[in-house]
Structure formats: C-alpha cells, structure tokens
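Note sheet for the following structure.
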Amino acid sequence: MAEISINGSSYQVDDDRTILSAARELGYDIPTLCHHSVISDCGACRVCLIENKKSGNLMPSCTTKVTDGMVIETENKRLRRARKTVIELLLSDHPNDCMTCEADGNCELQDLAYEFGIDKPAYGGFKEEPRFTIERDNPFIEHDPDKCILCGRCIRVDQEVQCSDAIEFVERGFAAKVGAALKKDLGDEDSSCVFCGQCVEICPTGALSYAPSLGEGREYQLKKTETTCGYCGVGCKLELKSRDNRVVEAGSIYRDNLPNPDGEACVKGRFGYEFIDHPDRLSRPLIKDKESGEFKETDWEEALDYVVDNFRRIKREHGAEAFGALCSARCSNEDNYLIQKLMRAAIGTHTIDHCARL
Amino acid sequence: MAKIASPRDLTQYQKQAKAARDKIETFITMCGGTGCEGSGCREVINEMDRKLAEKELQESISLKVTGCQGFCEKGPLMVVRPAGNFYCNIQPDDVEEIIEKTVLKGESISRLEYQDPKTEEKILKEEDIPFYQNQERVVFKNNGFISPTSIEDYFSVDGYSGLVEALFNMSQEEIIEEVINSGLRGRGGGGFPTGQKWRFTYQEDSDPKYVICNSDEGDPGAYMDRSILEGNPHLVLEGMMIGAYAIGSSQGFIYVRAEYPLAVKHINIAIEQAREWGLLGDDILGSGFNFDVEIMEGAGAFICGEETALMASIEGKRGMPRPKPPFPATSGLWGQPTNINNVETFGNVPLIIKNGADWFNSIGTENSKGSKIFSLVGKVNNTGLIEVPMGITLREIVFDVGGGIPGGKEVKAVQSGGPSGGCIPKDLLDIPVDFDRLSEVGSIMGSGGLVVMDEDTCMVDVAKFFLDFTQDESCGECPPCRIGTRRMLEILNRITSGEGKEGDIELLKRLGEDIIDTSLCGLGQTAPNPVISTIQYFKDEYEAHIYDKACPAGVCQDLIYYNIIEEECRACDRCRRVCPVEAIEGEPGGDPYILYDDICIRCGNCIEECPFSAIEIIPGQKE
Ligand SMILES: Cc1cc2nc3c(=O)[nH]c(=O)nc-3n(C[C@H](O)[C@H](O)[C@H](O)COP(=O)(O)O)c2cc1C
Ligand code: SF4
Ligand code: SF4
Ligand code: SF4
Ligand code: SF4
Ligand code: SF4
Ligand code: FES
C-alpha cells in the first residue's frame, strides 16, 4: 500500500498502479487521449498531466505509478493552462470539420475542445489546408491523416492485441503520421493487416473510419444491439449498430470475461453483415417444379404444408434418424436456436450441425 | 599471443610496451582526426610513408597516426618527438624537408611553426601554444600520443591499470563510493552524478543488467565523443568495464552513429584486441568477472541519443522516448536494470580509479569537478576541440584558448549546450563553466557545443537556426514538441521576414514555457531554450525586427537593404558587373551609381567587390 495525497486529501492505495487509475477510482476526473484500457500506456498525448508537488514537475498520470508519500494535484491553474495549450496545439493542426465528420459526437478531441472552451486555437487557428491525402485504397478502412492526433492507440492495439504489426509511425516531427508498416497500403498483398477493425474502434477521432459505414449515420443516430457473432465457435461479442432497421456497422465491446475482452474481431465478424440486406436474399418460399427442375415462388401456406406433409411421411417410413439439419452462420442466433429445437423436440433427432462448429 | 591471465601479466606487457616505445629514436605523430582528415592529412601521411620507405628509415623512425589533437583550425598537424616540434598546416610538399631537416638534423622549420596571432611570435612546442597552454587535457591526454589501433600503445600509457585496481583491490561498493566522491557528473548533457546512477543500478535485484555507452552525439557541430572513440577507444572500453563490474553487469552495448565510420572501425578493433588479450570475455584477468561488449550502429536520428529512445532502438523498435519514471536504472533495456553513460563520462572513469577521487576533485568548482571537452566554433580565432578545467570562465575560453574574435570584431554572446542550450551575453562572460552557473543564466553545460558569436550575428536568426533543427528532429510523439516547436518556428519566420506583430514576443515566451512544461522528453523540454534566452538578453533585437522592421546585425534579408553612398562612389562600374540581377545602374566615370532595392536580392556580391567601401548594409526596409 502507498499513502498518497491528491488535491490535499490523503488516501491509501495499492502500489503498482498508475496515478490515473487510482485517481479515477477515487472520483478525480483527469482527461486523457492516448490512454485506453486494453493497451499499454505511452504517455504521448500529455493531456493527463498532473502536478507532482514535491518535484514541481508535471507528469503523465497514465504512465506514472503511485509511490508512498507522493503529493499530487490533478487540477489547478498551471495544469489547466498546460492541458489547454496541448489541446490548442492539436487543434491548430486539425481541420475544423466536425460538421461533416464521421466521428462527430463520438470524438474525444471534440469533447476536450468543448470542455476547455476553445473556439479558435491561439496558435494560428484551425488547419486550413490539408497536409495529407485521405487514404482509401482498400474496401474496409479509410484513413484521414489530417484528423489524426498521433495518439498511437491504433498502432498499439494492432501490435499488442491483434499482433499484426501492420501499422507504425512513419516519418518524424511535424511530418509524422500513421502508416502501413513498410508498405504503401493495408490492402497490399504483403500487408499483414487482417482487417480486424480494432484500430478503427480504438481511434479517439475521425482519423480512422470503416469505409462501408461512411455516411450511414453518426454514433448517436445508431441503434445498438449487443450480439454474439455467429460465424464461429469463439462466440465474440459484438455491438451491431443499425439505422432504420438496417445494420450499418459492427462495433466492439470491451468487457472482462468475454471471449474477446479487448474488442477483438475477425474480418467476417467485423464486415460480413452486408448479406442481411442483400437484394439477392430470398424473402419468399420457393418450391422446385419436378418437371422443369426450376424453383417457383409460392406462398407460406403452401410451402409449409408441403414441408409438413413430407416430414411426416419420411419420419413414418424411415424414422427420425433419417433427418439431419445443417444451419448457417448467416441466420440469426434465434433462427439457429429454433432449428435445433425443431429437430430435437418435433422430429426427435440430434443430427444437427452448423458451419460455425469449430 | 597469450591471454593476459593475471594483473602481473598485464604489468609485464605494460613494461614491454613502454620499453619498445622508448627504443624508437624518433617518432612522428600525425593527427588523423576528423578535422585534419578534412584538411588533407591522408595525403601527408601517405607521402610520409613513401618517403620514409624510400630513405629506408622505417626501422628507426615510427610514424603514428593518432586521434584528434584538437587544434583542427591549423590542421593537418604533426609533432616530431621526442624533441616536440609542432607543425601545422602541413602539405605533402613539406614532407621531404621535414624528414631531412627536423627528423634527421633536429632543425626546426620556421615556416611550419605556429605563429601567435597576437604577438606574431613563432612558437616551437605544442605545450607553449596558448591554445594548449590554457587547457587541462585529462581525457584527451593521450589522444595525440598513442595510436588508437594499437592496444600495446594503450598498455604503454598504463592502460587497463584502472581495471586491475577495480577488479582486485576494490569492492563494487568501494568503486561506486569512489566515483561518487570524485564528483563526476554525466557529460552527455544532463549532468547527473555518475556514481549515484551506478548505485541505483547496483541496488536493483535483477539479472541480467546492462551497460550502455551513449555515442550517438547528434548535436550539430559536436564531435567530442567521436574524437575520443577515434583517438583512444580502449579508454572508453576500460571505463565501461569498471562500470559494468561495479553495477554487476556482464553485457555492454556501444551505441554509435553509423556516420562515424572511423569511430566504429577503431572501437571494433579495440574490442577485438581486448577479446584476444583476455580483457573481454569470461573470467577477465582471472578475477571471475565476465563481460563483453556489442556495437550497435544507429541511423543517426538526433532523438536516438535520448536514453530511452536509444534503448528502444537497440531493441529493434522505432527510436521514440518513453516517459520516466521508470528510469533505466530500474527498467531499461528489455525492461532490465541498465546503466547508460556518455563516452566522455566513461573516459573519465579509469583516470578516477587510477588516480583517486581526490585528484579528480582537485580540478573544478564546488559542484562541477574535473574537465570538460568542448567543440569551440563560430567567430573565434582558434576553433577546434578543447578540454578545459571546470571553473574556467567563458571569457578565458574565448580569449585565451580561443585567441579572441577574428577581424577585430566585438564578441556578442556565447551559445552553450547546442539546440538545448541558451545564449550567454558578453556581460556574463566572466561566469565560470559550471553545471549550476550555466543553468542559472538560462543555458546549460550540454554535451559540449560552444559557439562564439560576434556583433554581426543576429540573435533572432540564431534562435531560428536552433529551433529549426529541433523541430525537424522531434520524433513527433507528443503534441507540444511536434506542433509547438513548429508554431514557434513559424512565428520566428514571420518576425525575420518583416511580418512580426505586437504580442509575438509574449506568444513565443508563453508557448515556449508551455512546451518546456509539457513535453515528454528532454528534446521538447529544452527546445525553446535558445528562443527564451535570446528574448531574455536580446529583447531589443526582437523589437527592432517587429516594430522597426530592421535587423540590427544586418543578417535577415527582408529587414535590411543595400545602399550606395553617393559621396564614396567613384563610378568604377565594378559592382554593376558582379550583380547577378542587374540591380545597379550607372555609367563608368559618370554620376554615382544607383542601386534599385526592389530588384536587389541581397547576395552581397557588390559589397565584396567595391574597392572604396561605398556600399553599405542598412538595417530596416527602404521607404
Ligand atoms: C534529445 C536528446 C539527445 C541526447 N543525445 C545524447 C547524445 O548524443 N549523447 C549522450 O551521451 N547523451 C545524449 N542525451 C542524454 C542521454 O539521454 C543521457 O542522459 C546520457 O546518455 C546519460 O549519460 P551521462 O549521465 O553520462 O551524461 C540526449 C538527451 C536528449 C533529450
Ligand atoms: S475528428 Fe473529431 S474534432 Fe476532428 S473533425 Fe472529426 S469530430 Fe471534429
Ligand atoms: S485492421 Fe486490425 S490488423 Fe489491420 S491494421 Fe487495424 S488493427 Fe491491425
Ligand atoms: S489514427 Fe486514430 S488511433 Fe491512430 S494515432 Fe491517429 S488518432 Fe490515434
Ligand atoms: S518531446 Fe519531442 S522528441 Fe521528445 S517525445 Fe515529445 S515529440 Fe518526441
Ligand atoms: S547585393 Fe547582390 S543583388 Fe543586391 S545590388 Fe549587390 S550585387 Fe546586386
Ligand atoms: S493519456 Fe496520459 S499522456 Fe495521453
């Protein structure tokens, strides 16, 4: 245990934890940008600075561990000025694009700009002319380096959680940006990107977006439904986001004790939802015409009667074990549940399988 | 060759090496350092080799190519020993005469001797030249004396005696205690007490521990560390070994920039030799201590000199700093306790162990002990590498060692600490070179850059130069440094191009303070220093740029103009002929010439050409 003083009050806290986590648990609000619970901390963004009253230094609370006898302040004039300058500098190299930005309402930079009341950055105003071009060379992820604050969250999730090492900082100083490691684009043949989308999920700004979701609605316009991905036996939790009853994005859920606690997903879970509203999808029953061999559309009445009659006959003639059911990951979990219920309870067989049986 | 198995063996080899050296009648040391390389020492060395062979003198006369001897301004340099004739600016054509007269007959060649610019007297010996007289060559002592590629030469100057002392006569604690008592502070820029750092690493209960020698040396114009590695690599190795033994490490790394091929070559040779002789490897000298060293070549980014970025780079990651704590002593290379010191710091260690803390302590001031190597450049007569005792004043450095300002100009300021340092105005030149005093006046000791500026230097332009460097070398990780230094540079560019406005000085100060306060690593935390210190001492120059649109020193092109003084112009037509843009008009022998400011590109050709000093630079913008 360590005895520490925060803003004049004393606390006993576990040592080996960071100032940020201890202080937040005690109810002190400290802004952050480069911190995220599922990745390591690097102390890069400098908005979580606190003042060490003994040394007189400002220190990043996300990387500094508590030590016995530590005396800190999380809020004072000097800190407010320091944090405000950092945010102003970020905004001075940022377009004033919230109006049309995909991330509006779901952007940590926007929130901080609002909280610190910055109408116009003191150091040269907002970025007028883009310095980079938007990268849209693959069907899944769009990258706008002009909106990037170089917090490095995407890189750390890619390297530490997904272990793809597909992206890295490139160049240095003012020219630094996030780029595909060694290659020109994530979609390149040699890129190790697997399009898990975790970098997009973790990005605090609008610098990374899902290409298929562009223009489909802001975060606050989307309905969120927690679900278990049906593609495989891992059973990842995902948050499907829909608008007007159409799924437009598959987001991550960060929660302990899930099969994917750090928001992991694979390319199918993340992007394979377009079939739901695909025009080729069958919405009416079809019966095969025995003579021509063609499927003909019919109504539910006739189709169900046809199935029931034949099921009854087969069961009578050959027994329940003559049945087997194979269901699909592209059906909803509820559909999958019902088909096994039907097989077990109504038909009486356990011969049931599914393409996600890994 | 046998390995050295015990301290007695080593003493034996040292004796042999000394005897072998003393047997040679004459030996010539020729500087092969960076500066002399640039002024053509290779040709002289080749010629000397050829001539000695031709005259069949190779047996009795030995030619040694040494590391940097410091007086780069006068290179190529040569000393003919034991008489000690010191020759400068030698050309291949001089070689024949040197051998015939000096080497064979002991006559001096007056033409090649150093001439004191003040007294115009010729000076025969190295030690009588003011440049050397006012120095205290401790780490550099043997640089101009031994061959860096010969371990026997190092033996001949009692090399590795410090290691023996440490391994056989001292405990780990005693070594650390000795280094603490010596008062040695890090020479890499931060000035942290070396012994204390060793103690922290020693106290960590974890294995393995690492030792790193920081030879990245990225400051513009600095080449102190390079010259030590090139000239005396075994000294650094010995220092590392003592440090490693003291903290309990068996693996060391030398991180050196790949742009220093000669340093890399020499340190590689030294490591190979040390391994062959049993000074690196297992059970060194029979002491039970194991230690080896690996060289890592850096790609030359300035930020890779910062210790945490350097370690990331050794680990194969992008060279980016991380916040401290944890400090390398607790969690360094691959998360293990690591002690990192600068080349010059390690270079002092064998001397402290050999001669004792009290000896080291006797040089310097209360809180700054020993000597410091500087690279003295800028508007000063004697440029080069100098090693001076701590406590010497800046004035002594500039005027006694440096020989004053060329062209009879006035000194204006001295910049120390490179891009992290500040400008010290001429009124403060009497302060001693001391870690604490330098930071009190807004600069830092730094790693050893010392730039002398005269009255023709524009301080805003100087600040811009350094900031341009740091903003370019920023790693880009944290916003205050990445964007903040950029914004400061934009403001400075505005000011020097005549677009400065009211409030700019305050904005620069405020932003500079915030960058210092909020940046992640030492680069950002010090980058605004050159701007802040020039605002502190030369605010009037900033104001002249902003309000009068004038550069008082006549440097900033947009804030000066060229003018032909009518009364002086004799219409000789010479200026008109050299102007590349036809900005000057006139008839030879006719009326005074006319210079059109809107056409003039301020190249300076005309002013150089005019024999009557009829052209002047006027600060300000032409009405
Ligand atoms: C931007 C930056 C560059 C640095 N470059 C060097 C360098 O080139 N050489 C060096 O010895 N120290 C350099 N340092 C200091 C090192 O981080 C470290 O403090 C030093 O190597 C410790 O050795 P010392 O205690 O012997 O001085 C640099 C620091 C910063 C912030
Ligand atoms: S990234 Fe955030 S701050 Fe930037 S334009 Fe988009 S919403 Fe606004
Ligand atoms: S999509 Fe996944 S694999 Fe590709 S860069 Fe992002 S995190 Fe890495
Ligand atoms: S792309 Fe997003 S997550 Fe990645 S560094 Fe930029 S702002 Fe951070
Ligand atoms: S201060 Fe500059 S060099 Fe240091 S981490 Fe920040 S951006 Fe990189
Ligand atoms: S400074 Fe150069 S451009 Fe200007 S007048 Fe003289 S010669 Fe011509
Ligand atoms: S959250 Fe701590 S520095 Fe970014």
Side-chain angles (χ1 to χ4, degrees), chain A residues 18 33-34 40-49 51-52 55-65 67 78-79 81-94 109 121-125 127 148-152 155 159 165 168-178 181, chain B residues 299-304 308-309 312 316-327 330-331 467-491 494 503-504 506-508 510-521 523-525 527:
Chain A
T18 63
L33 277 173
C34 65
S40 66
D41 283 305
C42 62
C45 77
R46 317 307 287 169
V47 301
C48 77
L49 293 175
E51 184 172 347
N52 181 327
S55 68
N57 290 337
L58 305 189
M59 311 177 97
S61 60
C62 64
T63 58
T64 313
K65 296 260 171 76
T67 50
R78 177 176 173 206
L79 285 170
R81 168 171 159 183
R83 290 174 187 157
K84 187 168 177 186
T85 298
V86 171
I87 299 160
E88 276 188 286
L89 286 171
L90 282 172
L91 293 177
S92 79
D93 188 37
H94 199 90
L109 180 64
Y123 309 103
K127 172 154 62 183
C148 173
I149 56 169
L150 293 184
C151 68
I155 295 172
Q159 297 183 350
D165 292 1
E168 183 47 290
F169 289 116
V170 294
E171 304 296 333
R172 64 168 185 243
F174 200 57
K177 69 188 264 285
V178 172
Chain B
F302 177 58
I303 192 58
C304 285
T308 59
K317 300 186 196 135
R318 184 177 152 98
M320 295 219 288
R322 59 157 181 76
K324 296 178 277 187
F327 290 93
T330 19
S331 175
L467 200 68
D468 189 34
F469 175 82
T470 33
Q471 73 90 30
D472 199 43
E473 292 291 337
S474 154
C475 82
E477 189 175 6
C478 70
C481 170
R482 174 182 75 241
I483 310 172
T485 56
R486 179 81 183 191
R487 297 289 173 250
M488 285 182 79
L489 183 65
E490 284 165 2
I491 299 170
R494 235 179 37 220
D504 274 352
E506 292 69 30
L507 199 61
L508 278 174
R510 189 189 155 98
L511 183 52
E513 284 162 14
D514 285 351
I515 294 171
I516 291 172
D517 225 16
T518 57
S519 286
L520 192 159
C521 85
L523 191 149
Q525 286 160 5

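Here is how names work: the chains are called A, B, and so on, in the same order as the sequence lines, proteins then strands, and each is numbered from 1.
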Picking from B:P321, B:S519, B:C521, which has the most non-hydrogen pairs under 4.5 angstrom with chain A?
B:S519
Between B:D517 and A:R78, is there a salt bridge with N-O shorter than 4.0 Å?
yes
Atom group of A:L150 that falls short of 4.5 Å from chain B, counting heavy atoms:
both
Region of B:E490 in contact with chain A, defined by heavy-atom distances below 4.5 Å:
neither
Is there a side-chain contact between A:R83 and B:D514 in this structure, where contact means two heavy atoms from C-beta onward sitting under 4.5 Å apart?
no
Looking at every heavy atom in both A:G43 and B:L520, which two are closest together, and how far apart are they?
O-CD1, 3.2 Å
Nearest 0.5 Å, what's the CE-NZ distance between A:M59 and B:K324?
11.0 Å
Going through the checks in order, is the salt bridge (Lys or Arg N to Asp or Glu O under 4.0 Å) test met by B:E513 and A:R81?
CA-CA 11 Å; B:E513 284 162 14; A:R81 168 171 159 183; 3.2 Å; yes
Do A:R46 and B:P480 make a side-chain contact, defined as non-hydrogen atoms from C-beta onward lying under 4.5 Å apart?
yes
If one checks every heavy atom of A:I149 against chain B at 4.5 Å, the contacting part turns out to be backbone
B:R510 side chain reached by A:Y123 side chain, heavy atoms, under 4.5 Å
yes
Chain A contact via B:R487 - which portion, at a heavy-atom distance below 4.5 Å
side chain
Option that, when pairs with chain A are counted at under 4.5 Å, heavy atom only, ranks first among B:P326, B:G476, B:P479
B:P479
Which atoms of A:C45 approach chain B - backbone, side chain, both or neither, heavy atom under 4.5 Å:
backbone
Just give me the residue among A:G124, A:S92, A:P60 that pairs up with chain B most often, heavy atom to heavy atom, under 4.5 Å.
A:S92
Only pairs of heavy atoms separated by less than 4.5 Å count here; which of A:T85, A:T67, A:L49 has the most with chain B?
A:T85
Contacting moiety of B:M488, where chain A heavy atoms sit under 4.5 Å:
neither
So, for A:F169 and B:R318, which heavy atoms are closest and what is the spacing to 0.1 Å?
O-NH1, 3.2 Å
Portion of B:T485 that has a non-hydrogen atom of chain A nearer than 4.5 angstrom:
neither
What part of A:E88 lies closer than 4.5 angstrom to a heavy atom of chain B: side chain, backbone, both or neither?
neither
Rounded to the nearest 0.5 Å, the CG atom of A:L89 sits from the OG1 atom of B:T518 at a distance of 7.5 Å
With A:C42, which of B:E477, B:M320, B:R322 fulfils side-chain contact (heavy atoms from CB on, under 4.5 Å)?
B:E477
